[in-house]
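Throughout, numbering of the chain's residues begins at 1 and tracks the sequence. Just so you know, ligand 1 is whichever comes first in the structure, and atom 1 is the first atom listed for that ligand. Owing to the predicted nature of the structure, the values given are computational and were not obtained by experimental measurement. The basis for the numbers below is simple: all heavy atoms, side chains too, and nothing from hydrogens, waters or symmetry mates.
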Amino acid sequence: MENKTITLSNGVEMPMLGFGTYKIPDGLEVIDSVTNAINVGYRLIDTAWFYNNEKGVGRAIKNSGMLRSDIFLTTKLWNSHHGYDITLHAFDQSLKNLDTDYIDLYLIHWPGKDKFVDTWRAFIRLYEEGRVNAIGVCNFLDTHIQTLFDQTGMMPMLNQIELHPWLWRQNTIEYCQAFNIALQAWSPLMRAGKMLEVETIVNIAKSHNKTPAQIILRWELQQGISVIPKTTHIARMKENINVFDFQLTTSEMQEIKTLNESRGIGSDPYTMMLDFE
Ligand code: NDP
């Protein structure tokens with residue numbers, strides 16, 4: 001199954017569709033899920049220090065028989081680890097957990113209030129030392145990104161934010177596109193549930209002989225947004241990656257766009273202070 005790639009601003013190639021691992025417990029569960037995902041064809045695995053499953057993710061990649069270079073591995077720096085020196089230390093911890101010697105994409109998990117520029121300076125060092133192939137952020141809105149650039153001269157290569165038909169942050173999307181910052185949607189299915197029952201989406205799904213989840217993922221991908229759906233079920237892993245063999249029409253794309261209610265499940269990036277000192 002074809003999994004298209006996107007080229008980040010520094011030339012690094014990244015699969016457009018990856019496998020999310022939030023809330024999959026460490027140990028056998030995450031090892032099984034990541035193993036199945038790799039077998040099904042996923043080549044991008046998204047984890048985070050905060051998910052407390054980096055060890056299992058690393059084990060599954062090691063056991064997969066794939067070359068390390070065949071997997072695109074993302075992890076994230078947690079809120080309690082902001083600051084220059086702490087970031088460098090936290091990065092070493094993640095590398096050790098993941099049992100690898102480099103990370104493909106290292107992301108700041110949340111901006112917090114006032115330490116993210118120091119953190120970003122450490123990210124730039126890790127990048128310049130070749131210990132990460134690309135650096136980026138999550139949950140950064142335009143103003144946060146502008147601050148990073150004004151103070152360091154280095155734009156993130158990617159911004160991972162909550163995006164789905166009910167929450168479409170047009171301003172941030174346009175800002176990122178203008179500066180060649182790739183966008184990646186977290187909770188691209190809004191954790192499934194009610195969004196899979198929206199009539200517009202269900203009808204479009206029927207007309208393409210696809211599922212509502214496939215329509216949503218296709219809608220995001222067709223706008224150039226990378227997606228990282230999570231599931232522990234093999235059938236859904238196959239379903240979610242099987243979205244490269246059809247196209248939504250311009251009017252279908254537009255119809256889904258009208259569903260935006262600026263309603264997400266995540267915290268507000270400006271006020272999310274969990275674990276910040
Ligand atoms: P998703 O939108 O990926 O939805 C996951 C939920 O949907 C699970 O409950 C899963 O259930 C269910 N599901 C998945 N596929 C299908 C399907 N085809 N049909 C029906 N139900 C389905 O939510 P996540 O919050 O997990 O987001 C994806 C990833 O994004 C995370 O795992 C994580 O890697 C990342 N993330 C990043 C954040 C950040 O701040 N940077 C914040 C949140 C997430 P089941 O497993 O039972 O199949």
*asked:* Measuring from non-hydrogen atoms of Phe19 to any atom of ligand 1, is the shortest distance under 4.0 Å?
replied: no
*In terms of atom number and element, which parts of ligand 1 are under 4.0 angstrom from non-hydrogen atoms of Asp46?*
33 (C), 34 (O), 35 (C)
*Of the side chain and backbone of Leu196, name the one, both, or neither that has a heavy atom under 4.0 Å from an atom of ligand 1.*
side chain
*So which heavy atom in the protein is nearest atom 47 (O) of ligand 1, and how far is it from that ligand atom?*
His233 CE1, 3.1 Å
*Test salt bridge (charged side-chain N to carboxylate O under 4.0 Å, His left out) applied to Arg43 and Asp70, step by step*: CA-CA 7 Å; Arg43 293 294 174 265; Asp70 287 334; over 6 Å; no
*Can you label the angle between the Phe179 ring and the Phe149 ring as parallel, tilted or perpendicular, going by 30° and 60°?*
tilted
*Would one find an N or O of Glu239, backbone or side chain, under 3.5 Å from an N or O of ligand 1?*
yes
_Heavy-atom distances under 4.0 Å decide this one: backbone, side chain, both or neither, for Asn139 against ligand 1?_
side chain
*Looking at Tyr84, is Arg125 sitting on its ring face, NZ or CZ under 6.0 Å from the six-membered ring centre and within 45 degrees of the normal?*
no
*What is the ring orientation for Phe246 with His208, classed by angle as parallel under 30°, tilted 30 to 60°, or perpendicular over 60°?*
tilted
*asked:* I need the Ile241 CD1 to Lys238 NZ distance, nearest 0.5 Å.
replied: 11.5 Å
*In the protein, which heavy atom is nearest to atom 36 (N) of ligand 1, and how far is it?*
Tyr51 OH, 3.3 Å
*Considering only non-hydrogen protein atoms, determine which one is nearest to atom 5 (C) of ligand 1 and report residue, atom name and distance to 0.1 Å.*
Lys230 O, 3.3 Å
*asked:* Test of understanding: given a 4.0 Å heavy-atom threshold, classify the contact between Ala48 and ligand 1 as side chain, backbone, both, or neither.
replied: neither
*What's the shortest distance from atom 41 (N) of ligand 1 to any protein heavy atom, and which residue and atom give it?*
Gln160 OE1, 2.8 Å
*Heavy-atom nearest neighbour of atom 16 (C) of ligand 1 within options Arg236, Met237, Met190*: Arg236
_Pairing of Asp26 and Arg59 as salt bridge, 4.0 angstrom limit_ = no
*asked:* Quick check on the hydrophobic clustering: are Val57 and Tyr102 connected, directly or via other members, by side-chain heavy-atom contacts under 4.5 Å?
replied: no
*Any idea which atoms of ligand 1 are less than 4.0 Å away from a heavy-atom of Tyr22?*
31 (C), 32 (O), 33 (C), 34 (O)
*Check whether the ring centres of Phe116 and His82 lie less than 6.0 Å apart, and answer yes or no.*
no
*Above 12 or not: heavy atoms from other molecules or residues under 6.0 Å from CG of Asp268?*
yes
*Does a side chain donor of either Trp186 or Asp46 reach within less than 3.5 Å of an acceptor in the other side chain?*
no
*His109 neighbourhood, listing ligand 1 atoms whose heavy-atom distance to it stays under 4.0 Å*: 39 (C), 40 (O), 41 (N)
*Is it the side chain (CB and beyond), the backbone, both or neither of Ala192 that lies under 4.0 Å from ligand 1, heavy atoms counted?*
both
*Please state whether Gly266 comes within less than 4.0 angstrom of ligand 1, counting heavy atoms only.*
no
_atom 24 (P) of ligand 1 [closest protein heavy-atom partner, distance rounded to 0.1 Å]_ = Ser187 OG, 3.5 Å
*What residue among Thr47, Thr21, Thr75 forms side chain to side chain donor-acceptor pair (under 3.5 Å) with Glu54?*
Thr75
*asked:* Quick test: of every protein heavy atom, which one is nearest to atom 29 (C) of ligand 1, and how far off is it to 0.1 Å?
replied: Ile228 O, 3.2 Å
*Could you state whether Ile124 and Leu107 fall into the same hydrophobic cluster, counting links through intermediate Ile, Leu, Val, Met, Phe, Trp or Tyr residues with side-chain heavy atoms under 4.5 angstrom apart?*
yes
*Which atoms of ligand 1 have any heavy atom of Ala213 under 4.0 Å away?*
17 (C), 18 (N)
_Numbered atoms of ligand 1 (with element) below 4.0 Å of Pro229, judged on heavy atoms_ = 3 (O)
*Determine, for Arg169 against Asp142, whether the closest basic-nitrogen to carboxylate-oxygen distance falls under 4.0 angstrom.*
no
*ligand 1 atoms in contact with Cys138 (distance to a heavy atom under 4.0 Å)*: 41 (N)
*Heavy-atom contacts under 4.0 Å between Thr211 and ligand 1: side chain, backbone, both, or neither?*
neither
*asked:* For atom 4 (O) of ligand 1, what is the closest protein heavy atom, and at what distance to 0.1 Å?
replied: Arg191 CA, 3.2 Å
*Give the residue, atom name and distance (to 0.1 Å) of the protein heavy atom nearest atom 2 (O) of ligand 1.*
Leu189 N, 2.8 Å
_Pairing donors with acceptors under 3.5 angstrom, does anything connect the side chains of Tyr270 and Thr143?_
yes
